[in-house]
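Beneath this line is the structure, given in structure tokens, with notes to follow.
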Amino acid sequence: MGLLALGTPLEWPEAKCKANQVRQWGIQQLLAIWNRAKGKEKDALLWGDEVEYLVVTYKKDDPEVTLSLRQADILHALAQDEKLCGHGGCVPDLQEVAYVLPFQCIGSTDSRRETALPIFHPEFGRFMLEATPGKPWGIGFRDLLDVEPNMKLRRKIAKEHMQPEEYPITLTTYPRLGSPGTFTSPYYPPSGEKLRSQFVPDEIANPHIRFPTLAANIRSRRGRKVQVNVPIFKDKNTTWPWKDPTVNYDLHKWPEDDDVRQGAAPDNFIHMDAMAFGPILLALTAGTPIYKGFLADTDVRWNQISAAVDDRTPEELGEKPLKHDRWRILKSRYAPNSTYISEDPRLRKEYLDPNLIIDPDMKQQLMDGGMDSLLATHFAHLFIRDPIVIFAEDLNELDLSKADHFENLQSTNWQHIRFKPPPTGSDIGWRVEFRPMEIQVTDFENAAFSVFIVLITRVILSFDLNFYIPITKTDENMQTAHKRDAVLEDKFYFRKNPFPTRYPRPHSASGVQSASGTTTPATISRPPTPSGPVEDEYAPMSIDEIMNGSKGDSTNDFPGLIPLVESYLDSMNVDVETRCELTAYLDLIRKRANGSLWTAAKWIRSFVQGHGDYKGDSVVGEKINHDLIGAVIDIDGPGRKNVKNVERFLGPVVEPCGGSK
Amino acid sequence: MCWNLFIAIVPTKANLYITPLHLFQSLPKYHLFTTTGLNKDSPSGTSNPHFSSITPLQIDPDQELFGNKASTMTRLILSTSNIMTGGPSIIRKPGADRSNLELTNSLRSNFLAAQQDYSPISSSNGNSPDSFEEEESLRRPPASIWTTRDGSDYYIPTIDWSMSGLAEEPSQYDITAKLFYLPGADVRDRAQHTKDAIQLVLKELGVDSINLLIVSFPGMSFEGDCEWEADKKNSAQGNDEEEIASWPALEELYDHGTVKKLGLAEYGSEKLSRFLNKVRIRPKVDQVNVKDCCNVPPPLLKLAKLENIELLVHNDCTNILPSGTLRELLGQGVRGAGVLSESKRGLDGMKGDLLPEWVVKYTAVVRDRGVIENKGYFAAAQLRE
């Protein structure tokens with residue numbers, strides 16, 4: 001979760017006054033980083049993954065299931081585990097460090113790296129826990145094999161530091177978060193000062209001052225509460241029009257309680273009002289069909305988080321004429337990317353967003369400092385936002401060896417792919433964070449999707465592939481991905497031909513060496529000029545076509561991402577055991593894409609609709625919730641065979657691979 | 001003179017290949033080629049007759065085949081250049097089994113590319129003639145402008161060595177070469193073939209050593225639905241004596257430091273243990289193609305573990321370049337390069353008896369980033385004119 005500095009946070013009106021200073025200092029810090037790290041090339045590939053757990057309190061025979069708010073106690077238990085900390089694993093955030101850098105607990109000696117245990121981090125929700133590997137993964141195929149066991153180990157260690165009835169589960173959201181009644185332990189009443197939510201108590205948020213301040217200042221900047229409305233799934237007995245029965249129109253405790261009386265909770269939508277509710281792979285990993293105890297008509301969580309941290313004012317939203325604010329802003333701070341940043345000659349200007357809002361002064365400063373136009377545009381776009389949480393202590397003096405002001409804006413711009421400069425004072429390189437995927441129920445699935453993304457990046461570099469489409473089409477894809485069963489029913493814009501144009505041999509041998517591996521070859525005697533309308537370059541395709549390739553009946557001839565990965569693997573020296581494991585991962589993704597296996601969203605829907613207590617009215621009651629959580633706990637263990645429809649979700653139980661014996 | 005022209009259509013899941021077959025009923029002057037090597041869907045399932053049994057028809061020794069001069073030998077050196085940016089031709093089709101499509105497609109596209117690149121830019125000439133094939137062969141630039149003859153070596157296409165080399169320091173790469181000894185070649189020539197192949201790879205990549213050299217001997221496979229049975233069957237395949245006799249050439253490369261690690265392909269447990277007892281420098285790698293990589297024959301797994309031999313996966317066929325395929329690639333057909341004559345029309349093609357000898361595949365991977373920077377093939381064949 002980025003930045004967790006300690007200090008005295010400014011309340012919004014005061015923070016607003018300091019926003020410009022933070023932005024200016026942030027740009028100067030960014031330029032300092034840029035100048036230190038712009039020559040950083042040819043680094044080894046290292047990568048990592050983050051798994052976020054919900055902690056539930058579950059007993060088989062007790063119908064009451066709750067979210068455990070003991071995050072702090074669990075993290076303390078983990079931090080005090082000497083064996084864990086002695087071997088690289090730890091809880092760095094409890095040691096009051098200024099920044100949380102990924103992998104900062106890496107030991108200096110190799111032996112320590114070998115045995116590095118996972119690292120645990122707090123998250124916004126007090127019922128959440130985040131874990132990362134104790135050392136970054138490399139690209140060696142053996143490392144790819146370590147991912148899944150490491151994820152299992154993380155879950156095991158987490159569980160060992162919990163009470164017996166507490167479980168770390170990997171659902172995207174807790175199905176009954178915000179439902180009336182008790183859904184946390186201990187119980188707290190809703191409608192606290194910080195969140196001012198009708199549905200969740202302030203205590204749901206991490207008590208670390210950064211988190212409540214973030215929520216309060218977002219609300220304060222907006223001038224009202226955040227509004228998260230999800231369409232209700234209309235089942236056969238769902239009353240229509242449907243009014244969210246959990247909304248209390250008569251609450252008069254906080255000024256924001258007027259929001260629902262002013263139309264914040266429209267008919268046929270599940271209404272949420274706090275941050276705690278907080279494109280192709282999004283649809284493919286879909287796992288969020290339930291909110292606040294109701295079946296929703298969407299499958300993924302992206303837009304809900306986007307709305308939950310949307311700090312735009314009515315002027316920025318275009319609801320009022322611009323008077324105090326500088327510009328209209330089309331997207332939330334949590335939104336798909338709006339910029340391409342590569343200097344690849346194949347990036348046509350037609351792909352860029354013509355309506356992109358940037359701060360021209362910021363862009364000029366960055367370009368004057370030596371940054372190229374595309375990257376400067378990217379950061380000048382991020383810097384149209386205000387910093388939300390400002391600590392008074394940080395405003396005394398600008399320290400160019402730090403990145404706190406830059407990170408303040410960078411880490412509160414939640415784009416689906418985040419480009420991260422090297423952290424200061426370390427040898428970590430440039431990083432790219434791939435953020436849209438939903439967490440999967442099992443470690444096997446999470447490992448499969450993580451490894452797949454890493455392999456795809458290697459494939460793109462090796463085959464020099466081009467997947468550019470106009471960036472606004474990505475926004476459309478992102479919306480499409482929300483639809484129920486989009487993985488099978490919908491189409492996504494995708495580039496038809498990803499292959500590079502052949503570079504002709506120079507007629508006279510110039511002896512220029514090619515510089516492939518990271519970029520396009522430098523030997524261009526007749527550079528391939530992009531021709532034809534941009535609209536002809538892409539087409540709507542199903543997830544199946546994108547992942548598995550065009551079939552005979554398609555007008556496209558797309559090779560498919562999975563065949564591309566297989567072609568890459570065919571060219572590498574891969575041992576039988578690794579290939580066996582990778583085949584299982586690719587199989588899962590192939591089958592999710594072609595519909596022979598269900599997404600988590602579909603499995604959860606089917607679980608609810610097939611439950612004896614379900615009345616066909618879109619309501620996910622406590623008993624259903626209890627049994628669903630029970631199934632989620634069972635599915636990764638010996639109880640798997642008893643879980644309903646597990647074969648349609650994860651496939652038949654495969655015997656352990658022969659390669660490992 | 002009597003000509004019978006047959007078209008063999010070999011459907012695969014993804015492609016149709018049309019091969020002209022020239023059958024000479026009464027004139028035994030040419031080889032009979034059954035079909036191309038692209039037929040992975042052979043109905044016989046386990047063994048593929050097209051790969052293993054393409055044998056030329058008997059040549060009548062009393063006939064002068066190609067003119068009146070005494071026959072001379074030319075070594076054809078075919079190359080693909082870097083195929084990583086070669087586009088769709090090398091992408092595996094869904095469900096595809098092992099095949100030599102990657103080699104044949106990338107040779108074909110490199111020939112085409114060279115013809116385009118080395119041709120003077122010409123304006124297209126209006127209407128197309130009646131026969132597409134006719135037009136193709138007429139439009140094809142003469143072989144002399146895109147190929148190179150150097151003594152008895154004939155490079156198809158011309159290799160521009162100034163374009164060779166890797167982008168970063170050689171130490172940054174894992175370079176693997178896999179050498180296929182083809183079935184028709186003389187076993188006694190393998191030492192020379194090995195040197196020739198490795199020399200070309202070193203020159204192409206601009207390095208003086210490679211990390212791993214895997215050799216593939218003819219006639220070996222892991223076939224069969226049951227992995228135990230496949231391992232048993234494998235024991236009787238190939239030719240132990242010839243294989244062991246070929247090994248010293250590789251050991252020499254190892255001794256010189258040209259190759260850091262040696263490897264074998266398609267060795268089952270019994271063959272492997274016999275082999276290990278007979279050689280001075282032991283292989284560190286055994287590259288196998290099993291139907292399901294999760295079902296490696298347990299005896300082989302056990303032996304590999306015991307002897308510290310890495311079992312790697314591959315997707316190649318052993319007889320990667322049958323002579324029929326090669327003739328089609330170089331011939332006058334629609335999909336041929338027009339280098340080799342196959343009819344009395346002759347054009348500017350060479351004529352003769354064609355014998356593929358070896359193929360080497362090379363791959364250079366930027367080790368720390370897992371990026372394949374350069375991959376390609378060289379193939380050598382003997383042409384008796």
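When reading the values below, keep in mind they use all heavy atoms of this one structure, side chains included, and skip hydrogens, waters and symmetry mates. Just so it is clear: chains get the letters A, B, ... in the order the sequence lines come, proteins before strands, and each one is counted from 1.
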statement: Whatever's closer than 4.5 Å to a heavy atom in chain B on A/Asn497 counts as neither
query: Which one of B/Asp286, B/Leu311, B/Asn295 satisfies the side-chain contact (heavy atoms from CB on, under 4.5 Å) criterion with A/Val576?
result: B/Leu311
query: Measuring heavy-atom distances to chain A, does B/Val285 have an atom under 4.5 Å in its side chain, in its backbone, in both, or in neither?
result: neither
statement: Greatest number of non-hydrogen atom pairs under 4.5 angstrom with chain A, of B/Pro297, B/Pro298, B/Ala304, B/Ala114, falls to B/Ala114
- request: Sequence neighbours left out, what passes side chain to side chain contact (heavy atoms under 4.5 Å, CB included) with A/Phe467? Give chain and number order.
  value: A/Ile460, A/Leu465, A/Phe494, A/Pro498, A/Phe558, A/Leu561, A/Leu564
- prompt: Do you know which of B/Val313, B/Leu312, B/Val365 makes side-chain contact (heavy atoms from CB on, under 4.5 Å) with A/Met572?
  reply: B/Val365
- line: d(A/Asp570 CG, B/His314 NE2) to nearest 0.5 Å is 10.5 Å
- prompt: Using a cut-off of under 4.5 Å for heavy-atom pairs, which of A/Gly552, A/Pro500, A/Gly140 has the most such pairs with chain B?
  reply: A/Pro500
- line: Across all chains, not counting sequence neighbours, the ring-ring contact (aromatic ring centres under 6.0 Å, His included) partners of A/Tyr585 are A/Phe444
field: Single hit among A/Asp464, A/Ile139, A/Leu461 for side-chain contact (heavy atoms from CB on, under 4.5 Å) with B/Val371
entry: A/Leu461
query: Has B/Lys284 got more than 12 heavy atoms of other residues, nucleotides or ligands less than 6.0 Å from its NZ?
result: no
- prompt: Should we say atom CG of A/Asp536 is surrounded by more than 12 heavy atoms from elsewhere, each under 6.0 Å from it?
  reply: yes
- request: Look at A/Val574, A/Thr578, A/Leu45 and state which one has the largest set of heavy-atom pairs under 4.5 Å with chain B.
  value: A/Val574
query: Rounded to the nearest 0.5 Å, how far does CD of B/Glu373 lie from OG of A/Ser462?
result: 9.5 Å
message: Need one label for A/Phe141: side chain, backbone, both or neither, based on atoms under 4.5 Å from any heavy atom in chain B.
response: neither
- prompt: What's the spacing between B/Lys375 NZ and A/Tyr568 OH if we round to 0.5 Å?
  reply: 11.5 Å
